[in-house]
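Please read the structure below before turning to the comments.
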Amino acid sequence: MVIPDKFFEDVRLEEESTLRGAQMVMLRILKVVDYICEKHHLKYWLSSGTLLGAVRHKGFIPWDDDLDIAMEREDYEIFLKVAANELQNYDLFLQTRDTDPFYTYLPISCKIRDNKSLILSELDLNKRHHRGIFIDVFAVDKFHEKGLMFCFERITKKYFYFLMSCSDAPGYKNKSLFKHIISYFNPVFNSLLEYYIDWIPKKINENRLLTGNYKLGFGFDVPWGRFWSQSTIYPLKKIPFEDGEFWAPNDTDAFLKESYGDTYMQLPPENKRETHANLNIELIVKNNTIINK
């Protein structure tokens, strides 16, 4: 597969706003990831707000400052093995807890970071991990279609979400009394999280063996509970996003209704059009020690 260099061109400084420039950085990362996945015959799809943007805006939601893709666990694991070296050719960094010892954010176990930028949120201000502009890569696991096992799996995911919310409390203790109180018990919740993280590989491997009728959903190492039928995801199809076409679920309507309800095509009120609380975005960082471990 031959792709012209222009397809990966870096145009971050050609945009009128910093946010739009950051979106162009994310778009370039997506193009590189798409190329690597095509090269190694790996399946991925646009997910969450990125898919909503593709369907509703044919690109980014205008006020959005992140980009999400998902892939089934088998493809995800292969991607982690092959992408690290290839990403370096495009000045990108594969960030996991293995590649970046300072990266400890459990809900998103893989990000692809740009090496020439800086994006900060409240939780990142005093951290040493790589903090370039990024896209999120979510693993997707198999889940039982129904019955007691599926109820158990849903409860497991909710338990993980609860632990993550409590673990993050110190970063938000000035936002509410509840967070302030919970922050005192942070060591307890961190210990429970470590136990959960040690346990989930066993459950992931058990569910790999599911055949026939089963659901797909964000992995056991992702706290958000979203589940889809196999026919909602497959066969994947290409849809427009900005100046390219990228893989998306087969039934985008069912996928987006699961996440955003029946009114996902309606624009939210202006006071609800928020970014993900990023405090600062720098498109070019001259001193790489700011963002590199």
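In L148, the CG atom is not crowded: 12 or fewer heavy atoms of neighbouring residues, nucleotides or ligands sit closer than 6.0 Å. Within a 6.0 Å sphere centred on NZ of K237, other residues, nucleotides and ligands contribute more than 12 heavy atoms. Around atom NZ of K238, more than 12 heavy atoms belonging to other residues, nucleotides or ligands sit under 6.0 Å away.
Distance SG/C110 to CD1/I69: 8.0 Å, rounded to 0.5 Å. E14 contributes atom CD, which lies 10.5 Å from atom CE of M24 (distance to the nearest 0.5 angstrom). One distance of note links CD1 of I78 with NE2 of H41; it measures 11.0 Å at 0.5 Å rounding. In this structure, the separation between CD1 on I108 and CG on D136 is 3.5 Å, given to the nearest 0.5 Å. Between the CG atom in L120 and the CG atom in L118 there is a gap of 4.0 Å [rounded to 0.5 Å].
Annotation: F8 is in aromatic contact with Y90 [ring centroid separation under 6.0 Å].
Put simply, the side chain of S117 gets close to the backbone of I133: a donor and an acceptor are under 3.5 Å apart. D34 places no side-chain N or O within 3.5 Å of a backbone atom of L30 that could act as its donor or acceptor partner. Between the Y260 side chain and the G49 main chain, a donor and an acceptor come within less than 3.5 Å of each other. With hydrogens and angles ignored, the 3.5 Å screen pairs a side-chain donor or acceptor of T96 with a backbone N or O of T99. The main-chain N or O of A22 is never found under 3.5 Å from a side-chain atom of D65 such that the two would form a donor-acceptor pair. Of the possible polar contacts, one joining the R56 side chain to the Y264 backbone as a donor-acceptor pair under 3.5 Å is found. T50 contributes no side-chain N or O that, together with a main-chain N or O of L46, makes up a donor-acceptor pair within less than 3.5 Å. The main-chain N or O of L236 is never found under 3.5 Å from a side-chain atom of N250 such that the two would form a donor-acceptor pair. For Q230 (side chain) and G212 (main-chain N/O), a donor-acceptor pair under 3.5 Å exists by modelled atom type.
I155 and Y161 fall into different hydrophobic clusters, where Ile, Leu, Val, Met, Phe, Trp and Tyr are joined by side-chain heavy atoms under 4.5 Å apart, directly or via other members. Cluster annotation: Y159 and Y195 are assigned to distinct hydrophobic clusters (Ile/Leu/Val/Met/Phe/Trp/Tyr, side-chain heavy-atom contacts under 4.5 Å, transitive).
For K215 and F150, the positive end sits near the middle of the six-membered ring, less than 6.0 Å away and at most 45° from its axis. Remark: K43 fails to qualify as a cation-pi partner of W247 under the 6.0 Å distance and 45° angle criteria applied to the six-membered ring.
In this structure, R113 and L92 have side chains that are not in contact, with every pair of non-hydrogen atoms separated by 4.5 Å or more. Side-chain contact between S165 and F189 is absent, with no heavy atoms from C-beta onward closer than 4.5 Å. Contact check for R131 versus I119: no side-chain heavy atoms found under the 4.5 Å cut-off. Side-chain contact between I233 and P249 is present, with heavy atoms from C-beta onward closer than 4.5 Å.
For the residue pair D91 and N115, a side-chain donor N or O sits within less than 3.5 Å of a side-chain acceptor on the partner.
Residues K31 and E38 are not paired through a salt bridge, judged by the lack of any N-O separation under 4.0 Å between the basic side chain and the carboxylate. A salt bridge is defined here as a Lys NZ or Arg NE, NH1 or NH2 lying under 4.0 Å from an Asp or Glu carboxylate O, and K58 with E242 fails to meet this definition. Between R12 and D10, at least one side-chain nitrogen of the basic residue sits less than 4.0 Å from a carboxylate oxygen of the acidic one, meeting the salt-bridge criterion. No salt bridge links E9 with R28; every basic N to acidic carboxylate O contact stays at or beyond 4.0 Å. Using a 4.0 Å cut-off between charged nitrogen and carboxylate oxygen, R208 and E77 count as a salt-bridge pair.
Using the six-membered ring where Trp is involved, Y234 and W45 have ring planes that are perpendicular, over 60° apart on the 30 and 60° scheme.
The ring-ring contact (aromatic ring centres under 6.0 Å, His included) test with H129 is passed by exactly one of Y103, F102, F134: Y103.
Applying the side-chain hydrogen bond (donor to acceptor under 3.5 Å, both in side chains) rule to S109 yields the partners Y76; only residues at least two apart in sequence or on another chain are considered.
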When the side chains of residues 219-228 are checked against the rest of the protein, which donor-acceptor pairs come out under 3.5 Å, sequence neighbours left out?
unit_1 : atom_1 : unit_2 : atom_2 : d
D221   : OD1    : R73    : NH2    : 3.0
D221   : OD2    : R73    : NH1    : 3.2
R226   : NE     : S259   : OG     : 3.4

